[in-house]
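See structure below.
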Amino acid sequence: MKLNFIFIKPTMFVTRHGRCDFMRSLERFLGRCFNKIGNYSYTSQAATFRQATTTDAYRGNEDCTNVNWDELGFGLMPTDYMYIMKCSSDEKFSPGKLNRYGNIELSPSSGVLNYGQGLFEGLKAYRKEDGRLLLFRPEENARRMQMGAERMCMPSPSTYQFLHAVKQTVLANRRWVPPPGKGSLYVRPLLIGTGPVLGLAPAPDYTFLIYASPVGNYFKERLPLNLFVDDDYHRAFPGGTGGVKTISNYAPVLKAQTQAKKKGFSDVIFLDSVNKRFLEEASSCNIFIIKDNVISTPSTQGTILAGITRKSIIEIALKYDYQVEERPVPVEELLNADEVFCTGTAVVVAPVGSVTYHGKRVEYRSGVQTVSHRLYSALTSIQMGLVEDAMGWTVEID
């Protein structure tokens, strides 16, 4: 018998985030030799995916990512793994699996491409000072996706399946979770109709997919916001899908948002489509106004997305004994407010410095002495694990 030996010279490089290049190079080398890493590899027409075992995905490389966290913005930075789970329209979702991040294959006649049958969610994972990882109210995202799926005639993962998939995705990409105070890992679950369909009908097959990207502030270096009130374009209408997080809600705002940004505005506030008078929301976040320490926000009523950050800010404000009103808010009250701020998973709590409506610009209070800053501090302290979570909102996944 002839034996062949492979000699490997262990050259190790040191990065500012840890000594890991040797292990990563060794993994790639052995993968080329044996064409097998983890359980198995397979190739589709769109991309090559690698299924990850628990040991493979969580082998302690969390400190190996060489990222300038201080320059982190809100842009896509591909991470290592994504989670995929599938089902037919008349079945429940089967157990999913982690794959290497990459492109997916879709039929040209898939329901999501032809008829916009798709939903998405957004939530964040934070790293505590002791290295443990926290999610913020993920069960609310699961329930919102289930509600949206019912409206869009789609099956949806159970709350357990949703939470399990999110946790697996974060753990597999844990080296991409920024250090405390430097940002968060934005987690994007997608539910899309991937089965082929020609006539207008629900797709026969569905895919639930989660990917993640480290992010900083959504409006980095642009706070406080400078908003434009647009009464020519509308985001939603009664009886439509404005109250669910469907993908079809977002492309319609792009024209108004693009035009506003060309004029130097941060974003757009949309008014209701019936009266063109009542506030709805901005392109991707809810809006609040404050007058004489009374906090008001538009009631959802089917045309406004019931944001999880919105819900949390309302609960924190009530705990602090502020008066909070959910009701139709006419644009005139916006122009007479003392403070204005926006809320959302991406923007968290973003103060508004000015609003322009019909050529009239109105400015508002901002800074550390404002109500919105107090609410922001309370919320982010819970999200990042800086204070005891008396609300029971955070989920530890480490």
Side-chain angles (χ1 to χ4, degrees), residues 122-124 126 134-141 143-144 184 217-219 223-225 227 243 245 266-267 269-270 278-355 362-395:
L123 63 159
K124 291 178 177 178
Y126 298 86
L134 293 178
L135 293 171
F136 183 74
R137 308 191 79 172
E139 71 287 344
E140 294 287 340
N141 296 91
R143 285 193 282 265
R144 188 167 64 182
S184 59
N217 292 332
Y218 189 79
F219 292 108
L223 295 177
L225 303 180
L227 302 181
K245 205 168 179 65
S266 308
D267 209 338
I269 299 176
F270 293 93
F278 296 99
L279 304 183
E280 295 236 311
E281 59 179 281
S283 300
S284 61
C285 46
N286 297 117
I287 190 162
F288 288 76
I289 71 169
I290 303 175
K291 182 68 175 180
D292 299 329
N293 277 344
V294 176
I295 303 172
S296 301
T297 190
S299 49
T300 53
Q301 296 182 342
T303 59
I304 299 173
L305 185 69
I308 296 166
T309 307
R310 172 188 182 276
K311 178 179 181 179
S312 303
I313 284 296
I314 291 173
E315 294 179 38
I316 291 172
L318 291 172
K319 183 181 177 182
Y320 284 173
D321 294 326
Y322 288 105
Q323 180 180 339
V324 180
E325 298 176 348
E326 295 183 74
R327 58 177 175 81
V329 180
V331 67
E332 294 83 4
E333 292 190 25
L334 171 69
L335 302 179
N336 292 316
D338 299 324
E339 289 181 45
V340 178
F341 64 93
C342 295
T343 65
T345 299
V347 305
V348 191
V349 177
V352 175
S354 70
V355 161
V362 178
E363 297 187 352
Y364 306 103
R365 291 196 306 241
S366 61
V368 296
Q369 301 301 319
T370 58
V371 174
S372 60
H373 188 269
R374 183 185 186 192
L375 297 175
Y376 167 83
S377 297
L379 176 67
T380 55
S381 293
I382 295 173
Q383 290 176 327
M384 294 186 287
L386 301 177
V387 297
E388 181 181 355
D389 179 16
M391 312 294 279
W393 287 343
T394 55
V395 175

Steps toward side-chain contact (heavy atoms from CB on, under 4.5 Å) verdict (L375, I295): CA-CA 11 Å; L375 297 175; I295 303 172; 4.1 Å; yes

Can you find a heavy atom in the side chain of [X] that is under 4.5 Å from one in the side chain of [Y]?
| X | Y | answer |
| --- | --- | --- |
| I269 | L279 | yes |
| R144 | L305 | yes |
| L334 | N336 | no |
| T343 | L379 | no |
| L135 | L123 | yes |
| I290 | Y364 | no |
| Y218 | C285 | no |
| I382 | F136 | yes |

Relative to each other, are the rings of F341 and F288 parallel, tilted or perpendicular (30° and 60° limits)?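 Parallel: the ring planes of F341 and F288 meet at under 30°.
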
Which atom of [X] lies closest to which atom of [Y], heavy atoms considered:
| X | Y | answer |
| --- | --- | --- |
| I287 | E280 | CG2-O, 4.0 Å |
| P328 | P330 | O-CD, 3.6 Å |
| P298 | I304 | CB-CD1, 3.6 Å |
| F270 | S283 | CE1-OG, 3.8 Å |
| W393 | S312 | CH2-O, 3.6 Å |
| V349 | S372 | CG1-O, 3.9 Å |

Please check this pair: side chain of [X] against backbone of [Y], looking for a donor-acceptor N/O pair closer than 3.5 Å.
| X | Y | value |
| --- | --- | --- |
| D389 | T394 | yes |
| K124 | T345 | yes |
| N141 | G122 | yes |
| E339 | T370 | no |

Name all residues meeting the side chain to side chain donor-acceptor pair (under 3.5 Å) criterion together with E333; count only those two or more places apart in sequence or in a different chain, and write none if there are none.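 So E333 forms a side chain to side chain donor-acceptor pair (under 3.5 Å) with R327.
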
Please report the interatomic distance [atom1]([X]) to [atom2]([Y]), rounded to the nearest 0.5 Å.
| X | Y | atom1 | atom2 | answer |
| --- | --- | --- | --- | --- |
| H373 | S366 | NE2 | OG | 10.5 Å |
| F278 | Q301 | CZ | CD | 10.0 Å |
| S381 | E388 | OG | CD | 13.0 Å |
| I314 | I316 | CD1 | CD1 | 11.0 Å |
| Q323 | D292 | CD | CG | 10.5 Å |

Got a salt bridge between R310 and E326, using NZ or NE/NH1/NH2 to carboxylate O under 4.0 Å?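 Result for this pair is yes, salt bridge flagged.
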
Would you sort out whether C342 and D267 count as a side-chain contact (heavy atoms from CB on, under 4.5 Å), showing the intermediate values? CA-CA 11 Å; C342 295; D267 209 338; over 6 Å; no

From S266, S354, P351, residue fulfilling side-chain contact (heavy atoms from CB on, under 4.5 Å) relative to P224: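 It is P351; the other options fail the test.
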
Do other residues, nucleotides or ligands put more than 12 heavy atoms under 6.0 Å from E332 CD?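 Above 12, so yes.
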
